[in-house]
Amino acid sequence: MAILVFLIIMSGVAYLYFKTKQIRTPRPVEKAWQKSRAGMALGTGMGLIGLNTLFLFNFELATDLIFTYIIALIFIIIGFSSAWVRYKAYKHYTPLLAEEENNWNH
């Protein structure tokens, strides 16, 4: 699936972008906010890699592929659950970021 490969590449680019922004900012809350955004991109990329693995083998039922499906399922579960946890952190830091922005300029 070409769309999954495109989304995996875009999540990798988003991860690098947000990680670079995290390194460059001096503000602690903004660092945590950018870290959560980078974590969402990384988790989404992991989950999409797991989905791509399933579609790559076309859901064949061979005994050799059982371990491949187990690993793909682990990638999907860990990836998307990590993205969800980072999304919750993103929602937590968003109001604090506005407060930090206000205090930082004064």
Side-chain angles (χ1 to χ4, degrees):
M1 307 266 318
I3 189 73
L4 285 177
V5 173
F6 176 75
L7 291 174
I8 290 167
I9 291 170
M10 292 310 296
S11 68
V13 169
Y15 172 76
L16 290 175
Y17 176 74
F18 293 132
K19 202 61 164 171
T20 303
K21 288 186 67 98
Q22 174 195 348
I23 292 169
R24 294 186 60 160
T25 185
R27 302 174 184 180
V29 176
E30 188 176 356
K31 273 189 187 290
W33 187 67
Q34 295 292 353
K35 182 179 179 181
S36 64
R37 292 172 76 184
M40 283 191 300
L42 186 63
T44 303
M46 279 184 61
L48 290 173
I49 287 172
L51 281 176
N52 192 36
T53 303
L54 290 179
F55 286 113
L56 188 65
F57 293 107
N58 294 325
F59 298 102
E60 298 172 10
L61 289 177
T63 55
D64 298 337
L65 296 176
I66 296 299
F67 293 113
T68 302
Y69 294 138
I70 291 171
I71 299 298
L73 185 63
I74 289 171
F75 265 71
I76 292 169
I77 291 170
I78 291 175
F80 288 132
S81 63
S82 173
W84 176 254
V85 168
R86 291 299 181 180
Y87 175 73
K88 299 289 273 184
Y90 168 77
K91 295 296 277 184
H92 171 74
Y93 286 119
T94 300
L96 298 175
L97 182 68
E99 182 179 325
E100 183 185 52
E101 177 73 27
N102 190 21
N103 291 337
W104 193 268
N105 291 332
H106 295 300

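Keep in mind that the numbers below use all heavy atoms, side chains included, and drop hydrogens, waters and symmetry copies.
- Glu30 places a side-chain heavy atom less than 4.5 Å from the side chain of Gln34.
- Residues Thr53 and Phe75 fail the side-chain proximity criterion, which asks for heavy atoms closer than 4.5 Å.
- Residues Gly39 and Ser82 come closest through the heavy atom pair O-OG, 4.4 Å.
- Annotation: the span from Leu96 atom CG to Asn103 atom CG amounts to 11.0 Å, rounded to 0.5 Å.
- Interatomic distance, OH of Tyr93 versus CD of Glu100, reported as 11.0 Å (0.5 Å rounding).
- Residues Ile77 and Trp84 do not share a hydrophobic cluster, defined by chaining ILVMFWY side chains whose heavy atoms lie under 4.5 Å apart.
- Side chains of Lys35 and Arg86 form a contact here, defined as non-hydrogen atoms less than 4.5 Å apart.
- Residues Leu42 and Phe18 form no side-chain contact, since every pair of their non-hydrogen atoms from C-beta on lies 4.5 Å or further apart.
- Using modelled atom types, no side-chain atom of Thr25 and backbone atom of Lys21 make a donor-acceptor pair closer than 3.5 Å.
- Using a 4.5 Å cut-off on side-chain heavy atoms (C-beta onward), Asn52 and Ile8 make contact.
- For the pair Thr68 and Leu56, the minimum side-chain heavy-atom distance is 4.5 Å or more.
- Across all their heavy atoms, Ser11 and Gly45 have their closest contact at OG-CA, 3.2 Å.
- The side-chain heavy atoms of Leu73 and Tyr69, taken from C-beta on, include no pair separated by under 4.5 Å.
- To the nearest 0.5 Å, atoms CZ (Phe67) and CD1 (Ile74) are separated by 11.0 Å.
- Note that CE of Met10 is 12.5 Å distant from OG1 of Thr44, once rounded to the nearest 0.5 Å.
- The two atoms that bring Thr94 and Trp33 nearest to each other are OG1-NE1, 3.3 Å, heavy atoms only.
- Following chains of ILVMFWY side-chain contacts shorter than 4.5 Å, one can reach Leu7 starting from Ile76, so the two form part of one hydrophobic cluster.
- Hydrophobic clustering of Ile, Leu, Val, Met, Phe, Trp and Tyr side chains at less than 4.5 Å, counting indirect connections, unites Ile78 with Leu54.
- Sparse packing is recorded around OH of Tyr87, with 12 or fewer heavy atoms of other residues, nucleotides or ligands lying under 6.0 Å away.
- No continuous path of ILVMFWY side-chain contacts below 4.5 Å connects Trp104 to Leu97, so the two sit in separate hydrophobic clusters.
- Put simply, Met46 and Leu4 are part of the same group of oily side chains (I, L, V, M, F, W, Y) that touch within less than 4.5 Å, one to the next.
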